[in-house]
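Let me begin by presenting the structure, written as structure tokens, before commenting on it.
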Amino acid sequence: MHAIERYVRPGSLEEAAEILRAGNVTVLAGGTDLMPQTHAGRVKFQSVLMNVRRVPELRGIEEHGGVVRIGALVTITELRESALVRERLNVLWQACDHFASDQIRNAATLGGNVCNASPAGDTLVPLLALEARTVLASKPNGSLETRRIPLDKFFSGPGRTLKKPSELLAAIEVPLPPQGFVGEFYKHGTRPGLDISAISIAVGAQLKGKVLNEVRIAFGAVAPTPIRAPRAEAVLEGREADAATLEAAAQAALGEIHPISDVRASDWYRRELVRNMLKRVISHVGQL
Ligand SMILES: Cc1cc2nc3c(=O)[nH]c(=O)nc-3n(C[C@H](O)[C@H](O)[C@H](O)COP(=O)(O)OP(=O)(O)OC[C@H]3O[C@@H](n4cnc5c(N)ncnc54)[C@H](O)[C@@H]3O)c2cc1C
């Protein structure tokens with residue numbers, strides 16, 4: 001473990017971005033990933049440890065002009081208690097409801113889940129299905145700048161993202177889904193809540209009668225990053241979720257995933273879960 005030479009607690013986004021610009025900074029939010037990772041020796045602290053919990057611009061859940069902005073510091077508990085999230089981004093709400101324990105949910109932030117970039121991160125899968133984007137803040141030329149990256153382009157491998165070390169994740173923006181959009185999140189672990197997902201699935205669609213439109217399917221823990229499944233989506237688009245369509249969608253999805261075998265599940269078992277559970281989740285969505 002590297003020695004921490006300085007511990008800082010900026011009080012504004014400007015100040016946090018200025019500290020990041022100087023380099024050699026580890027960002028600390030809830031610490032629920034960072035602390036176990038540093039204790040296990042998998043991650044080394046930089047010389048400056050920056051606790052961002054006093055940065056007010058990283059807080060809050062607000063809707064403006066059809067976009068929900070969720071501050072990076074918003075905790076899983078806050079998401080779970082938000083009426084806006086429950087009513088309009090319900091598939092994300094479901095993932096928060098299946099996330100760890102009360103103690104972890106109270107500390108764990110959405111920004112930490114996104115920046116940790118685990119292929120099994122539970123909020124990433126519904127956020128992909130909701131076509132969310134990241135808002136990154138930095139001070140490259142002395143003044144505060146932001147850039148946005150769609151979440152489906154943000155992850156570059158397990159634990160890796162396109163965020164530069166000089167950038168702070170300020171927020172996640174989620175365009176409000178169309179009226180009538182319904183969704184379901186499914187997570188498979190050995191225990192229902194406290195476990196890291198062996199696989200996870202988020203399905204969203206706009207229902208016209210029983211016909212599925214705007215179909216969005218995302219998976220966790222079946223590839224080096226969380227992924228969308230565009231070929232399975234295309235199979236379902238404009239169709240009813242009958243048995244033949246469900247089987248065709250599941251077969252398409254199997255061609256889009258690249259699961260590994262690890263302590264949580266074998267490659268074979270993950271494929272079986274995807275094939276069976278995707279059909280179940282889609283048929284639930286088709287009846288919502
Ligand atoms: C017992 C236990 C159970 C868990 N269960 C689940 C679960 O069910 N589902 C799940 O998905 N995860 C789970 N986790 C993992 C963890 O709780 C989440 O990933 C959590 O959201 C991380 O958020 P945090 O605020 O604690 O991040 P931190 O640990 O503070 O940070 C995580 C990483 O993100 C970086 N970072 C954080 N915020 C920012 C920012 N704003 N800008 C730039 N970089 C940033 C940090 O530098 C670090 O690299 C569990 C962890 C534990 C210990």
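Quantities reported herein were computed from a predicted structural model and do not represent experimental measurements. Read the numbers this way: they start at 1 and go in the same order the structure lists the ligands and their atoms.
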Exercise. For ligand 1, which atoms sit closer than 4.0 Å to a heavy atom of I104?
Worked result: 1 (C), 2 (C), 17 (O), 52 (C), 53 (C)
Exercise. Do D122 and I76 have side chains that get closer than 4.5 Å, going by heavy atoms?
Worked result: no
Exercise. Which of the atoms of ligand 1 are close to L169, meaning less than 4.0 Å from one of its heavy atoms?
Worked result: 40 (C), 41 (N), 42 (N), 43 (C)
Exercise. Got a salt bridge between E173 and R133, using NZ or NE/NH1/NH2 to carboxylate O under 4.0 Å?
Worked result: yes
Seminar exercise, completed: Scanning both residues in full, the closest heavy-atom pair of Q206 with P178 reads NE2-CB, 3.6 Å
For this session: Check ligand 1 against D122 and write out every atom of the ligand that is under 4.0 Å from a heavy-atom position of the residue.
Result: 7 (C), 8 (O), 9 (N), 10 (C), 11 (O)
Seminar exercise, completed: To atom 4 (C) of ligand 1, the nearest of A29, A100, A120 on a heavy-atom basis is A100
For this session: Number the atoms of ligand 1 from 1 as they appear, then name those within less than 4.0 Å of a heavy atom of L34, with their elements.
Result: 29 (O)
Seminar exercise, completed: Paired with D267, the salt bridge (charged side-chain N to carboxylate O under 4.0 Å, His left out) test is passed by just one of R270, R271, R264, namely R271
Exercise. Is there a nitrogen or oxygen of T26 sitting under 3.5 Å from a nitrogen or oxygen of ligand 1?
Worked result: no
Exercise. Hey, which atoms in ligand 1 end up nearer than 4.0 Å to a heavy atom of G121?
Worked result: 11 (O)
Exercise. Counting from 1, what ligand 1 atoms have a heavy atom of G30 closer than 4.0 Å?
Worked result: 24 (P), 25 (O), 26 (O), 30 (O)
Exercise. So, are E167 and R21 salt-bridged, with charged N and O less than 4.0 Å apart?
Worked result: no
Problem set entry | Polar side-chain atom of E247 near backbone of K279 as donor-acceptor pair, under 3.5 Å | no
Exercise. Is the closest N or O pair between L28 and ligand 1 shorter than 3.5 Å?
Worked result: no
Exercise. Is it true that H188 and Y269 have ring centroids separated by less than 6.0 Å?
Worked result: yes
For this session: Using a 4.5 Å cut-off on heavy atoms from C-beta on, say whether the side chain of N24 contacts that of S47.
Result: yes
For this session: For ligand 1, note which part of Q37 has a heavy atom under 4.0 Å away: side chain, backbone, both or neither.
Result: neither
Problem set entry | Residues E18 and K139 bridged, charged N to O under 4.0 Å | yes
Exercise. When you look for heavy atoms under 4.0 Å from ligand 1, do you find them on the side chain of A72, its backbone, both, or neither?
Worked result: side chain
For this session: Enumerate the atoms of ligand 1 whose separation from the nearest heavy atom of K187 is less than 4.0 angstrom.
Result: 7 (C), 8 (O)
For this session: Going by heavy-atom distance to atom 43 (C) of ligand 1, choose the closest among C115, A108, G111, S197.
Result: C115
For this session: Verify, without hydrogens or angle tests, whether T38 (side chain) and L34 (backbone) share a donor-acceptor contact under 3.5 angstrom.
Result: yes
Problem set entry | Candidates L236, I217, V182 - the one meeting side chain to side chain contact (heavy atoms under 4.5 Å, CB included) with V285 | V182
Exercise. Looking at T32, which atoms of ligand 1 are within less than 4.0 Å of one of its heavy atoms?
Worked result: 16 (C), 17 (O), 18 (C), 20 (C), 22 (C), 23 (O), 24 (P), 26 (O), 29 (O), 51 (C), 53 (C)
Seminar exercise, completed: Nearest heavy atom to atom 32 (C) of ligand 1, choosing from G112, S118, A16, belongs to G112
Exercise. Hey, are the side chains of R216 and V203 touching, using non-hydrogen atoms and a 4.5 Å cut-off?
Worked result: no
Exercise. Do any N/O atoms on K163 end up under 3.5 angstrom from N/O atoms on ligand 1?
Worked result: no
For this session: Quick one: look at D33 and ligand 1, take heavy-atom pairs under 4.0 Å, and tell me if it's side chain, backbone, both or neither.
Result: both
Exercise. Hey, is M50 touching ligand 1 through its side chain, its backbone, both or neither, going by heavy atoms under 4.0 Å?
Worked result: neither
Exercise. Hey, looking at atom 48 (C) of ligand 1, which of V27, L73, V74, V25 has the closest heavy atom?
Worked result: V27
